[in-house]
Structures are given as structure tokens and as C-alpha cells.
Amino acid sequence: MRAKSLALAAVFAAIIAVLSPISIPLGPIPLTLQTLIIPLIASITLPRISLSAVLVYLVLGLLGLPVFAGWQGGLTPFLGPTGGYLVGMLIFPLVISFGMLKNQSIIWLTLLNFIAAGLQLFVGALWLAHVANMTLSAGLLAGFVAFLIPALIKVALVSLLVILIKHRLALPLGLKI
């Protein structure tokens, strides 16, 4: 990865780290800005940049920096109820950024964001059910269904923000680096 791409990934990792701790507690799984900013970054950058940004963010948290929901860091968030959601953050760049290489239409972008959000919630709900010793249906209800409306709102916001950003910048970011 070239220096400018690394710098862009680092800036996006920092943005994720600053915004992600902001959350609304809703039981064991909080409502966070992670699932707004990470899909937005995945929607506007190349896969190597968005994936690097998310990996750096997760490693910073794993190393103990308080970059996760509620200003947490370390191994505990990965081993607790939020672990599947954190690992699932990698789904956003894998689905959205790679998918946007194929087609840049707003309909395609919205569909990719919806698919990625659903997959991330599903992975998180499976881990929640396992860690919290819930039945699969209880885990899906608490960790998937409960977050569908906020996910749909975030998908709509990401799509709107991408339209606004496209008016100012050539997307994907990092293409001419």
C-alpha cells in the first residue's frame, strides 16, 4: 500500500475511533455510530483503504485503547456480547467496498449497505446468543430484529451522505493515489 493510501486509511481509522465510543445503551448491545461511519467509509473508499481502516480500528481497541462503545477497549468487548458485532465490522468493507468496484449506482450502494448491515447484525446476534447462553431465536430477536429499524435508518443516511459527498469529490477515494 502506498504512503497516501496508508495515510487515508489512518485518517479513517482515527475517525472511526473518535466516533465509535458514542453510544446509546440498549441492554447488552448498545446503539453506536460504528455502524454509520464504517459503512460510510466503505462506501466512499477503495477496499484496501476501508478494510485497513477497520482493521487498524479493531487492533487499536484490542490493544486497550477506549475506542469501542461506551469508551471500552481490550479483549473483553471481543469476548462479551459485542464481540460478534465488532468482528462483523469487517463485513462492511468486504461487501460494500468490493461491491462498489462493480457498480457505483445509488441503488446498488443502498443494496450493498443493506446486505452488509444485515450480515453484520446476523453475525453479532449469533455471537450474542452463544455468549449470553440464549436460544438462537432469542439471540436473533435481541441482537438482530431489535436493530433492524436503526440499521435501515443508517443505510438511508449513508446513501444520502454518499450522494452529497459525490457532488464534491471523485469517488472512490484513493483511486488516484
Side-chain angles (χ1 to χ4, degrees), residues 12 15-47 49-51 53-54 57-58 61 67-70 72 77 80-132 134-169 171-173:
F12 283 129
I15 291 169
I16 297 167
V18 168
L19 293 176
S20 291
I22 301 166
S23 62
I24 300 169
L26 295 175
I29 307 302
L31 185 61
T32 71
L33 289 180
Q34 287 166 320
T35 50
L36 177 67
I37 194 64
I38 291 174
L40 177 60
I41 290 167
S43 297
I44 64 171
T45 63
L46 292 173
I49 294 171
S50 61
L51 191 56
V54 174
Y57 160 71
L58 292 172
V67 296
F68 299 141
Q72 294 184 40
T82 60
Y85 297 97
L86 288 172
V87 172
M89 294 296 166
L90 293 168
I91 292 169
F92 291 110
L94 292 172
V95 171
I96 300 167
S97 292
F98 280 104
M100 289 303 290
L101 293 176
K102 190 172 254 192
N103 182 338
Q104 299 247 333
S105 77
I106 196 64
I107 293 170
W108 182 243
L109 167 81
T110 304
L111 179 64
L112 290 171
N113 270 273
F114 180 73
I115 291 167
L119 289 171
Q120 189 261 351
L121 284 174
F122 185 71
V123 168
L126 290 177
W127 182 253
L128 172 65
H130 170 72
V131 169
M134 299 173 149
T135 64
L136 182 58
S137 61
L140 288 172
L141 189 62
F144 183 83
V145 174
F147 290 94
L148 280 177
I149 301 236
L152 289 173
I153 292 168
K154 290 176 184 180
V155 166
L157 280 171
V158 166
S159 298
L160 178 62
L161 289 169
V162 170
I163 291 169
L164 295 172
I165 291 168
K166 269 183 138 174
H167 287 327
R168 302 276 184 213
L169 300 170
L171 298 180
L173 295 177

**Message:** Which residue in the set Ile22, Val18, Ile16 passes side-chain contact (heavy atoms from CB on, under 4.5 Å) when paired with Ser20?
**Reply:**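 The option that passes is Ile16.
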**Asked** Under 6.0 Å between the ring centres of Phe147 and Phe122?
**Response**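 No: the rings miss the under 6.0 Å criterion.
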Could you state the interatomic distance from [atom1] ([X]) to [atom2] ([Y]), rounded to the nearest 0.5 Å?
| X | Y | atom1 | atom2 | value |
| --- | --- | --- | --- | --- |
| Leu31 | Lys154 | CG | NZ | 4.5 Å |
| Ile165 | Leu40 | CD1 | CG | 4.5 Å |
| Tyr57 | Ile37 | OH | CD1 | 11.5 Å |
| Leu86 | Phe68 | CG | CZ | 5.0 Å |
| Leu173 | Ile44 | CG | CD1 | 4.5 Å |
| Arg168 | Leu164 | CZ | CG | 9.0 Å |

With a 4.5 Å heavy-atom cut-off, do [X] and [Y] have their side chains touching?
| X | Y | result |
| --- | --- | --- |
| Ile91 | Ile96 | no |
| Val162 | Gln104 | no |
| Leu46 | Leu101 | yes |

**Request:** Return each pair, listed once, that meets side-chain hydrogen bond (donor to acceptor under 3.5 Å, both in side chains) where at least one residue sits in residues 93-102; pairs must be two or more places apart or across chains.
**Result:** Ser50-Ser97
Restricting to side-chain contact (heavy atoms from CB on, under 4.5 Å), what partner residues turn up for [X], sequence neighbours left out?
| X | value |
| --- | --- |
| Val131 | Pro81, Trp127 |
| Ser137 | Thr135 |
| Ala132 | Leu128, Met134 |
| Leu51 | Leu55, Leu90, Pro93, Leu94 |

**Request:** Give a yes or no on this: more than 12 heavy atoms of other residues, nucleotides or ligands lie within 6.0 Å of atom CD1 of Ile149.
**Result:** no
**Message:** Restricting to non-hydrogen atoms, name the atom on Val67 and the atom on Ala17 that form the minimum distance, rounded to 0.1 Å.
**Reply:**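 So the two residues come closest at CG1-CB, 3.6 Å.
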**Taking every non-hydrogen atom, the tightest pair across Pro30 and Ala69** =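 In this case the closest contact between Pro30 and Ala69 is CG-CB, 3.5 Å.
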**Request:** Could you tell me which residues satisfy side chain to side chain donor-acceptor pair (under 3.5 Å) with Thr82, sequence neighbours excluded, listed by chain and number?
**Result:**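 With sequence neighbours excluded, Thr82 shows a side chain to side chain donor-acceptor pair (under 3.5 Å) to no residue whatsoever.
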**Item:** Set of residues satisfying side chain to side chain donor-acceptor pair (under 3.5 Å) with respect to Thr32, sequence neighbours excluded
**Value:** Gln34
For a quick test of your reading: what N or O donor-acceptor pairs under 3.5 Å do the side chains of residues 106-121 make, sequence neighbours left out?
from	atom 1	to	atom 2	distance (Å)
Trp108	NE1	Gly99	O	2.8
Thr110	OG1	Ile106	O	2.8
Thr110	OG1	Ser159	OG	2.8
Asn113	ND2	Ser43	OG	3.1
Asn113	ND2	Leu109	O	3.0
Gln120	NE2	Tyr85	O	2.9

**Message:** Restricting to ring-ring contact (aromatic ring centres under 6.0 Å, His included), what partner residues turn up for Phe92, sequence neighbours left out?
**Reply:** none
